[in-house]
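Working notes, beginning with the structure itself.
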Amino acid sequence: MRPLGYVILQHAAREAYPAREYQRWIPKIPNAYGRTLLDEEGDVPSPDPHLLATIRHHRSLMPMAQEARKPMFLLKPADGAIGSHAAAVQDCRRDFEALARRIAAAAGIPLTAHTA
């Protein structure tokens with residue numbers, strides 16, 4: 001098995017303190033990933049080639065998606081995704097589509113119009 005990379009989920013904090021703590025750990029991830037999973041030592045180039053994506057925390061969509069039993073990026077107005085939630089669904093879809101494309105590219109899987 002060959003790791004393709006890692007994904008960072010942005011922290012959804014309501015207070016400054018947890019976000020600051022989270023921000024302290026993010027810069028440590030590339031070196032830890034390289035050292036632990038890839039047996040690489042030394043500095044990580046910038047931009048980090050192993051960072052597949054940084055996904056925003058779509059906290060407002062999660063309860064709707066769970067209730068509808070759908071992925072967040074497939075929510076429809078009938079599921080409650082109206083107004084600003086509809087825009088968040090589109091943003092979520094773009095985020096996950098970009099992530100899927102990065103994973104496919106890293107795995108050497110060609111995407112055709114049908115699988116895109």
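Owing to the predicted nature of the structure, the values given are computational and were not obtained by experimental measurement. Below, all heavy atoms of this structure are taken into account, side chains as well, without hydrogens, waters or symmetry copies.
Residues Val89 and Met64 form no side-chain contact, since every pair of their non-hydrogen atoms from C-beta on lies 4.5 Å or further apart. Tyr6 is listed as a side-chain neighbour of Leu51, based on a closest heavy-atom distance under 4.5 Å.
Residue Leu9 places its CG atom among more than 12 non-hydrogen atoms of other residues, nucleotides or ligands, all under 6.0 Å distant.
Leu4 is linked by a side chain to side chain contact (heavy atoms under 4.5 Å, CB included) to Arg2, Ile103, Ala106, Ala107, counting only residues two or more places apart in sequence or in another chain. Remark: Ala87 pairs with no residue by the side chain to side chain contact (heavy atoms under 4.5 Å, CB included) rule, at least two apart or across chains. Residues forming a side chain to side chain contact (heavy atoms under 4.5 Å, CB included) with Ala86 (at least two apart in sequence, or on another chain): none. For Ala88, the side chain to side chain contact (heavy atoms under 4.5 Å, CB included) partners are Leu61, not counting sequence neighbours.
Annotation: ring pair (Phe, Tyr, Trp, His ring centres under 6.0 Å) contacts involving residues 58-81, sequence neighbours excluded, comprise Phe73-Phe96. The list of salt bridge (charged side-chain N to carboxylate O under 4.0 Å, His left out) pairs with a residue in residues 65-74, not counting sequence neighbours, reads Lys70-Asp79. Among residues at least two apart or in separate chains, salt bridge (charged side-chain N to carboxylate O under 4.0 Å, His left out) pairs with a member in residues 30-58 are Arg56-Asp91, Arg56-Asp95.
The distance from atom CD of Glu97 to atom CZ of Arg102, rounded to the nearest 0.5 Å, is 14.5 Å. In this structure, Leu38 CG and His50 NE2 are separated by 5.0 Å, a value rounded to the nearest 0.5 Å.
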Under 3.5 Å donor-acceptor pairs involving side-chain atoms of residues 24-34, not counting sequence neighbours:
residue	atom	partner	partner atom	Å
Arg24	NH2	Glu21	OE1	3.4
Tyr33	OH	Gly5	N	3.1

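The nearest pair of heavy atoms linking Leu75 to Ala65 is CD2-CA, 3.8 Å.
Hydrophobic clustering places Ile55 together with Met62 (ILVMFWY residues linked when any side-chain heavy atoms are closer than 4.5 Å, directly or through intermediates). Side-chain heavy atoms closer than 4.5 Å link hydrophobic residues (I, L, V, M, F, W, Y) into clusters, and following such links, even through other members, never connects Ile109 to Leu99.
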